[in-house]
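Some notes on the structure that comes next.
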Amino acid sequence: MYQVMIVDDEPAAVNLLKTLIEKKIDRFEPASIAYDGKEALDILEKQRPDVLITDIQMPVISGLELVRRAKELYPDLVCVIVSGYQEFEYAKQAIQYGVTEYILKPIVPSDMRKLFEKIGEKLGAEYYRQRNLLIHRMVNEVPVKKEDLRRYFQSGRYYGAVVRRNGLPCRFGDNIKTEVFSDINEWMITYGRDDQETLYLCPEEIVYGDYVEMIQRQIKKEQPEAAYVTTVIFRKSVTGEEIGTMVRELYRVLDGSIILGKDQMILADDGKDFAIEQDKNYDFLENLEYLAKSKKFDRLKKEAEGLIHQWEDEDRTQLWMESRVRQICYLLQRYGLGGDDYREYEYLLDEAFVNAGSGDQLIGNLSDMFFKDQKEEELDLQKQSTEDYFEKIKEFIRNNMARPLSLQSVSKEMGVSQTYLSRLFRKYEDISFNNYLTSLRMEKAKELLKSEEKIFVKDVAEQVGYKDQFYFSRIFHTYTGVRPSEYITEKR
């Protein structure tokens, strides 16, 4: 409910406004009352209403002066002037002070309803913006105020879950960093650090039955296909001011639990210790370094592959395995395997973990980076030297974007390695394959939405490779800044 402060020196006028709001206006409640401007300012210092509705002519401090001071304290406060005075100067000054509306006595209930419908839309957009900002801050472990959480997450209690498709988000080299937020009209609040992830914050009133089963149904209905999926669930609901703690715990467990190629559903509040593995034993590097020094590269390759298979069998987490694999890569580069471009290898190693669906795929990516023979390198360089070959790859993607495409499936179809394909996208598009595919799909969606007179968002979603129209709408809004329905209206 949005909070309204009523300020008027006439008790009868206060009671009229209070009754109108209580009986005729949905989603608003009269939270505080004052009978002059000074009293109103004292209350404002302790409370923070969404709407200030005040008479102009009052003792001590006038309505206009009250508005001026109130807007200095809270610039986003919605202010409404109610008065029997019709002089233009009052209205002009009220607008200068940031008054949303200037209405005259006697008050007509139907006019009040229309006014508050307009205010409700404005507040809804502001609450949506503030919720998104708070979620961003919480996920990135930036402190937030509990009173802000209480204010902008107004349902009594919330359940939480986070779903991650494949590996952790890319940390290097992408020019496009896109966060995905839910639509303004969705009851279930969602967020993703990228389009491979969804954080669900579910108001308690929309959860029927078992919450874990509800999230499982949501994943099946909404989430795109993936090599593997990690789901972390908070089964106990929390208050609005506790959301920050819950979100941080969900992401702490998620980031420390992802295992390459393994589907997992983890209950974050079952009392288990989810501390990140602290094993610092790097003895395996001694044997690898001996083989590298001796230039026994075939044995070195087999040893490295064996280690990755061993760690996969031991269910080592991505973060744990990544730290070891990175050490192996540094060693290989130090002894002349691969190239000298450390920046490119950081990108490729990052993408190798993001896109690998198994230990074998990770091994294949690393082999492409470090163990290609001279003939293979020359063949790749010949292909890379012209854009014609890359255009064929892009044409294949354009013609098949309705299918569930991935770096693995496209590289297999085109007869090239994932690493080679990643290099092509870095060279010619300067973005990752995943971001290129999303961009291509959104441009096609825009084209479809404005080219046909009658087209359903669901049909557009399917034509560009999304099985769920609500998930598609989130991605479209992230990419364009508007919802698909708004885009149709704007372009016609």
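Residue pairs meeting the salt bridge (Lys or Arg N to Asp or Glu O under 4.0 Å) criterion with at least one member in residues 237-246, sequence neighbours excluded: Arg150-Glu241. Among residue pairs with one or both ends in residues 219-235, those qualifying as salt bridge (Lys or Arg N to Asp or Glu O under 4.0 Å) are Lys221-Asp468, Glu222-Arg474, Arg235-Asp269; sequence neighbours excluded. Counting only residues at least two apart or on different chains, the salt bridge (Lys or Arg N to Asp or Glu O under 4.0 Å) pairs with a member in residues 390-416 are Glu391-Lys394, Lys394-Glu429.
The salt bridge (Lys or Arg N to Asp or Glu O under 4.0 Å) test applied to Arg129 returns Glu126, not counting sequence neighbours. Not counting sequence neighbours, the partners of Tyr471 by the side chain to side chain donor-acceptor pair (under 3.5 Å) test are Arg165. Under the rule for a side chain to side chain donor-acceptor pair (under 3.5 Å), the partners of Thr438 that lie at least two apart in sequence or sit in another chain are Asp195. For the side chain to side chain donor-acceptor pair (under 3.5 Å) test, no residue two or more places apart in sequence or in another chain qualifies with Gln47. Here Arg164 pairs with Asp194, Glu197 under the salt bridge (Lys or Arg N to Asp or Glu O under 4.0 Å) rule; sequence neighbours left out. The ring pair (Phe, Tyr, Trp, His ring centres under 6.0 Å) search around Phe472 returns Tyr466, Phe476, not counting sequence neighbours. Here Thr230 pairs with nothing under the side chain to side chain donor-acceptor pair (under 3.5 Å) rule; sequence neighbours left out.
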Give the table of side-chain donor-acceptor pairs shorter than 3.5 Å for residues 290-307, with sequence neighbours excluded, one pair per line with atom names and distance.
{"residue": "Tyr290", "atom": "OH", "partner": "Lys296", "partner atom": "NZ", "Å": "3.3"}
{"residue": "Ser294", "atom": "OG", "partner": "Tyr290", "partner atom": "O", "Å": "2.9"}

Could you go through residues 132-146 and list every donor-acceptor pair under 3.5 Å that involves a side-chain atom there, pairing it with any protein atom two or more places apart or in another chain?
{"residue": "His136", "atom": "ND1", "partner": "Asn140", "partner atom": "ND2", "Å": "3.4"}
{"residue": "His136", "atom": "ND1", "partner": "Glu179", "partner atom": "OE1", "Å": "3.2"}
{"residue": "His136", "atom": "ND1", "partner": "Glu179", "partner atom": "OE2", "Å": "2.5"}
{"residue": "Arg137", "atom": "NH2", "partner": "Pro143", "partner atom": "O", "Å": "3.0"}
{"residue": "Asn140", "atom": "ND2", "partner": "His136", "partner atom": "O", "Å": "2.7"}

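In this structure, Asp50 contributes its side chain and Tyr2 its backbone to no donor-acceptor pair below 3.5 Å. Between the side chain of Glu204 and the backbone N or O of Arg157, no donor-acceptor pair lies under 3.5 Å.
Of all heavy-atom pairs spanning Val464 and Leu448, the tightest one is CG1-CD1, 4.2 Å.
Checking Gln361 against Gln408 by side-chain atom types alone, a donor-acceptor pair falls below 3.5 Å.
Taking the charged nitrogens against the carboxylate oxygens, Glu462 and Lys458 do have a contact shorter than 4.0 Å, which makes a salt bridge.
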